[in-house]
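Chain A is the first sequence line, chain B the second, and so forth, proteins listed ahead of strands; every chain is numbered from 1. Note that the structure is a prediction, hence the values are computed from the model and not measured.
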2 protein chains.
Amino acid sequence: MQKRVSLRDIAERVGVSIALVSYVLNGREKEMRVGSEVVKKIRKAAEELNYQPNQIARSLRMQSTKTLGMIVADIANPFFGSLARIIENEAMKFGYTVVVGSSDENPVQSESLVTVFMNRQVDGFIITPTEGSEQQIRQLVENQVPVVLLDRYFPGIDVSHVVLDNRKASFDATTHMIRHGTRNITMVAYRQNLSQMEDRIGGYEEAMHHHGLNSSKHVVKIRKEHIRKDMRNMFDTLAPGKRSGSGLIFANKALALAGLYCIRQRSLKVPDDVDFVGYDGGEAFDLFSPPLTYIRQPVTQMGKCAFSILMGLINGNGKGEVRKEWLLPELIIRNTGDLPAQPDDEFHGMYY
Amino acid sequence: MQKRVSLRDIAERVGVSIALVSYVLNGREKEMRVGSEVVKKIRKAAEELNYQPNQIARSLRMQSTKTLGMIVADIANPFFGSLARIIENEAMKFGYTVVVGSSDENPVQSESLVTVFMNRQVDGFIITPTEGSEQQIRQLVENQVPVVLLDRYFPGIDVSHVVLDNRKASFDATTHMIRHGTRNITMVAYRQNLSQMEDRIGGYEEAMHHHGLNSSKHVVKIRKEHIRKDMRNMFDTLAPGKRSGSGLIFANKALALAGLYCIRQRSLKVPDDVDFVGYDGGEAFDLFSPPLTYIRQPVTQMGKCAFSILMGLINGNGKGEVRKEWLLPELIIRNTGDLPAQPDDEFHGMYY
DNA sequence: AATATATGCTTAAACGTTTAAATAATCAAA
DNA sequence: TTTGATTATTTAAACGTTTAAGCATATATT
């Protein structure tokens, strides 16, 4: 790697001090009353030498790296990939760079990412917190590190967050099924102590209760590590499709996909044998026969919102307000034989 | 954000110089013959104050940031997301951090990412080059910046790369179809001047030629920006399914998905009406009726390989060898009514 | 004529590390 | 007793910026 040109190189070539060069290249020549001749010469030299500022040196001096740390469950998951993409785009606009890490839903990994990012002096965090990471988050907040939680939050910590209104999402999905004549509705969720899951289950229960179907409420909790096995068990036990009016609501995409495997395996028809609603869309939902009903999250809005809150925290230097956002879901109703509307040609890049 | 503890804080508390603290905390106490009592005291103080090194300061001094720049087409695309994930994991093991940027297949954006990352003094790059970015890459190489190209490469530049053996992949896919009795095979590709596309098309042509089907060779080039429209046109013109022995090979996943829309729209059956092979797998391919045949890329291997080559370049300080890797594809043969084998429960995280 | 103000530029410290070189003290060998 | 190692520690420069403070010189104001 060749040595890069520094302010010193320009200063020497022009025959002035480093300070002057810095002032000019930062556009402070008026304020600092730099002679117009000198300004020209410095600009010219910078151009000729193709000067690029060393952001590391600047960071050290300024105590601000213009870097954000983002911790998601898994960047290979297109939901998080899309969020990362949106935040990356926003960040770029404001001169920020994003470093992304995947916690794998593991609090130990999450902790180590926080440490690595802190050592790299990131200016703030956007975090998808994992089960068991409550203490970490609390510590960050106590140390006055700018943090925004995304996708999940901890009711017990007073920190900004941007999440889907999961309760409403499940409520709407359940209500939709009930209106459709489905009575025997099962909520299939992860066995996981996170706001997300709890709210997704809560909304379902609320809707069932609201429609007087309390007695037929049924929540199945599946272990993430045994998703296939537990899913098969569920299908064997519940035998949806055997009795009429069965419906399944899957609390996330991984569950829905595992469920769809079982549905295909048992040659069940949607919605006649089992009614279906999943969280998050995707190719598989569009191309299934029939295309499937799902809850769409406003991913773009989530990303932009989280970013702008974080900017507020960072630039408000400690006085940035805590903001808590629950964004609205959209129920994409299908489960019919018709092909889903094709996205327009202009559409690309965003997988949700 | 609270002030963090520095070497100076420890030095003052123990009553020694900063240098000594640095030596000890870097494990150089033997080499530097630091008194064992002092070592203990420094360790203790560091522990008590919960000292964390400032990586920015270290980077400035060491002229090495332990950071890698990764530029992909789109991090929201699970193929790139998976690659990013693998590289992130590898990097972590070696104390590196990865900053990822999405070029959107746009050379201007790619250029600006390169600049941003260079200013942040990344130690090396892993790049998925876009059409028209040849000059940028050439410049990096000339400036002796460690670079590894991933997924695509430029035959005209002598720089390390890790790509799928796309030629073989298409050759195998085409041969498989021909053996299966499909004669009327169309290759559906992007109109794009990248090694990837050219090789994917080339392998198809080679196989057709090899089996004496030169006259029925047919390559359709679709514009990325008008993928839906061009795809519909193709189906209207070619009318696959109208004549027997029709087959379609899609040069990437986006094309395959757009193609599957049309297949469903026209109620064509795979493989009776149209035979099908796509690049890259995914939920949609697994859950389609029937599950679809596709070319699997060894994503994990690609990521690990690219990373290790980059490490060689960085640590070989300029003498690291240029390595060019073409990795082997795997043809996942299906197109039958059977459900695909379910991934094991242990499987998770990797979407390819 | 003395003082104030404006202009144009330089000096030097600071950010938090690493590390070569200097220093000082102890001890062994001549 | 001097010299030479050995051991333990400090000093200070360097990495490339930013920026407060200082210093001339010229011009304007009393």
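Taking CE from B:Met70 and CD1 from B:Ile126, the interatomic distance works out to 6.0 Å, rounded to the nearest 0.5 Å.
Using a 4.0 Å cut-off on heavy atoms, the residues of residues 12-24 of chain B that approach DNA chain C are B:Ile18, B:Ala19, B:Ser22, B:Tyr23, listed by number. Within residues 117-125 of chain B, no residue has any heavy atom under 4.0 Å from DNA chain D. Contacts with DNA chain D (heavy atom under 4.0 Å) in residues 42-49 of chain B: none are found.
A perpendicular orientation is assigned to the rings of A:Tyr96 and A:Phe307, their planes being inclined by more than 60° (bins at 30° and 60°).
Between the side chains of B:Arg4 and A:Asn119, a donor-acceptor pair is found at a separation under 3.5 Å. Side chains of A:Thr128 and A:Asp151: a donor-acceptor N/O pair is absent below 3.5 angstrom, by distance only. With no hydrogens or angles considered, no side-chain donor-acceptor pair links B:Glu111 and B:Ser133 at under 3.5 Å. Side chains of A:Arg120 and B:Thr67: a donor-acceptor N/O pair is present below 3.5 angstrom, by distance only. A donor-acceptor contact under 3.5 angstrom links the side chains of B:Gln136 and B:Ser110, judged on distance only. Remark: the A:Glu88 side chain and the B:Ser102 side chain contain an N/O donor-acceptor pair separated by less than 3.5 Å.
With respect to A:Lys41 and A:Glu37, no salt bridge is recorded, no charged nitrogen being found less than 4.0 Å from a carboxylate O. Here A:Arg43 pairs with A:Glu29 in a salt bridge; the nearest charged N to carboxylate O distance falls below 4.0 Å.
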Considering only nitrogen or oxygen atoms on both sides, find all protein atoms under 3.5 Å from nucleotides 14-16 of chain C and state each distance.
{"unit_1": "C:dA14", "atom_1": "N3", "unit_2": "A:Arg61", "atom_2": "NH1", "d": "3.2"}
{"unit_1": "C:dC15", "atom_1": "O2", "unit_2": "A:Arg61", "atom_2": "N", "d": "3.2"}
{"unit_1": "C:dG16", "atom_1": "N2", "unit_2": "B:Ala57", "atom_2": "O", "d": "3.3"}

Could you list, one pair per line, each protein nitrogen or oxygen that sits under 3.5 Å from a nitrogen or oxygen of nucleotides 22-28 of chain C, together with the distance?
none

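The distance from atom CD of B:Glu29 to atom P of C:dT19 is 15 Å, rounded to the nearest whole Å. For A:Lys66 and D:dT17, the NZ to C1' distance is 15 Å, given to the nearest whole Å. Rounded to whole angstrom, the span from the CD atom of B:Glu31 across to the P atom of D:dA8 amounts to 14 Å. Taking atom CE of B:Met32 as the reference point, atom P of C:dA20 lies 7 Å away to the nearest angstrom.
Contacts of B:Glu48 classified as salt bridge (Lys or Arg N to Asp or Glu O under 4.0 Å), with partners at least two apart in sequence or in another chain: B:Arg13, B:Lys44. Remark: A:Glu142 engages no residue in a salt bridge (Lys or Arg N to Asp or Glu O under 4.0 Å) (not counting sequence neighbours). When the side chain to side chain donor-acceptor pair (under 3.5 Å) test is applied to B:Arg33, no partner is found at least two apart in sequence or on another chain. Judged as a side-chain contact (heavy atoms from CB on, under 4.5 Å), and not counting sequence neighbours, the contacts of A:Gln109 are A:Asp104, A:Asn106, B:Arg85. Every residue two or more places apart in sequence or in another chain was checked for a salt bridge (Lys or Arg N to Asp or Glu O under 4.0 Å) with B:Arg61, and none qualifies.
Within the structure, every pair that satisfies the ring pair (Phe, Tyr, Trp, His ring centres under 6.0 Å) test and touches residues 125-158 of chain B, not counting sequence neighbours, is listed here: B:Tyr153-B:His161, B:Tyr153-B:Trp326.
The minimum heavy-atom distance between B:Gly101 and B:Leu113, with the atom names listed, is C-CD1, 3.7 Å. Residues A:Val148 and A:Ala306 come closest through the heavy atom pair CG2-O, 3.9 Å.
Each end of the helix from C:dA1-D:dT30 to C:dA30-D:dT1 gets its own rotation axis from five pairs of C1' atoms, and the angle between them is 80° to the nearest 10 degrees.
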